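Contents: one structure, followed by commentary.
Since the model is a prediction, treat every value here as computed from it, not as a measurement.
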Amino acid sequence: HQAAAVMWVGQSFFQMLSHQKILKRAYETGFPLPLARLAVSFYKGPRRLSYQGLFAAERRATRGVIPGCGLATTLVKVYCLAPLDLVVAKNPAVTLDAYIDDFQLAAEGETKDLVKRIVDASRDLRDAIEEGLEVTIAPEKAAVVATTGETAREMRRALGEYGGKAVDFATGLGVDYL
């Protein structure tokens, strides 16, 4: 009997969220549209890059939420709900945990079945993140953890670039796999 998990981080997560999808998913989940529209209007506000006293022309954001906004984490959840629910529905034998831009798939079982379940669920999660959320996974931050080094190596091979490093523990990944 083995246990294993793969952990991923969304690259530039807060900056990549689609304003249109935020509003669409707010509507679909019943989140109050006036609040979502208000937050998105702030997110679309004018911005200027500055460097040593020089300012670029004003630009308006077309993507992203402001991490310090009081609604940001709630809107991230609204944004992620439908794509991640599909992953859960298609992979009932695998546990999916998500915390803002940190994602973890975990399972227990015999090594061969365990690796297959996590790898299959990983394909679905990768699609959900990259297509449903329009975010890129940071493969250099990916990590695999398992009860044996052999299982971790097998998972890494099967996951390819998304297998990251085989580790005994991972710091800075916002999810707990212990």
Distance (rounded to the nearest 0.5 Å) between [X] [atom1] and [Y] [atom2]:
| X | Y | atom1 | atom2 | result |
| --- | --- | --- | --- | --- |
| L71 | I22 | CG | CD1 | 10.5 Å |
| E130 | M16 | CD | CE | 11.0 Å |
| R63 | K44 | CZ | NZ | 11.5 Å |
| K77 | I100 | NZ | CD1 | 6.0 Å |
| T95 | L105 | OG1 | CG | 9.0 Å |
| D97 | D102 | CG | CG | 11.0 Å |

Check this for me: does any side-chain nitrogen of one of [X] and [Y] sit under 4.0 Å from a carboxylate oxygen of the other?
| X | Y | result |
| --- | --- | --- |
| D120 | R123 | yes |
| E154 | K112 | no |
| E58 | R47 | no |

So, do [X] and [Y] sit near enough that their side-chain heavy atoms are less than 4.5 Å apart?
| X | Y | value |
| --- | --- | --- |
| V94 | L96 | no |
| R117 | D113 | yes |
| V135 | L17 | yes |
| D101 | F14 | no |
| Q104 | M7 | yes |
| R48 | R59 | no |
| E110 | L114 | no |
| F31 | T74 | yes |

Test side-chain contact (heavy atoms from CB on, under 4.5 Å) applied to R126 and V87, L159, I137, the passing residue: I137
Closest contact, heavy atoms only, [X] versus [Y]:
| X | Y | answer |
| --- | --- | --- |
| V119 | A158 | CG2-CB, 3.5 Å |
| Y79 | G132 | OH-O, 4.4 Å |
| E28 | K24 | OE2-NZ, 2.7 Å |
| G163 | A142 | C-CB, 4.3 Å |
| V65 | A72 | CG2-CB, 4.2 Å |
| C69 | Y43 | SG-OH, 3.2 Å |

Take atom CD in Q15; do more than 12 heavy atoms of anything else shown fall under 6.0 Å from it?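 Yes.
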In F103, Y99, Y162, the residue satisfying ring-ring contact (aromatic ring centres under 6.0 Å, His included) with W8 is Y162
Please check this pair: side chain of R156 against backbone of G164, looking for a donor-acceptor N/O pair closer than 3.5 Å.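 Yes; at least one donor-acceptor contact below 3.5 Å.
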Are any side-chain N or O atoms of S18 and backbone N or O atoms of K21, one a donor and one an acceptor, separated by less than 3.5 Å?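 Yes, the answer is positive, given that a donor and an acceptor are paired below the 3.5 Å cut-off.
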Under 4.5 Å side-chain heavy-atom separation, chaining through any Ile, Leu, Val, Met, Phe, Trp or Tyr, what else clusters with L33? Say none if it is isolated. Y27
Please determine, by modelled atom types, if Q2 and T151 share a side-chain donor-acceptor pair under 3.5 angstrom.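 Yes.
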Between E108 and H1, is any side-chain donor less than 3.5 angstrom from a side-chain acceptor? yes
Same apolar cluster (I L V M F W Y, side chains within < 4.5 Å links), L81/L75: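 Different clusters.
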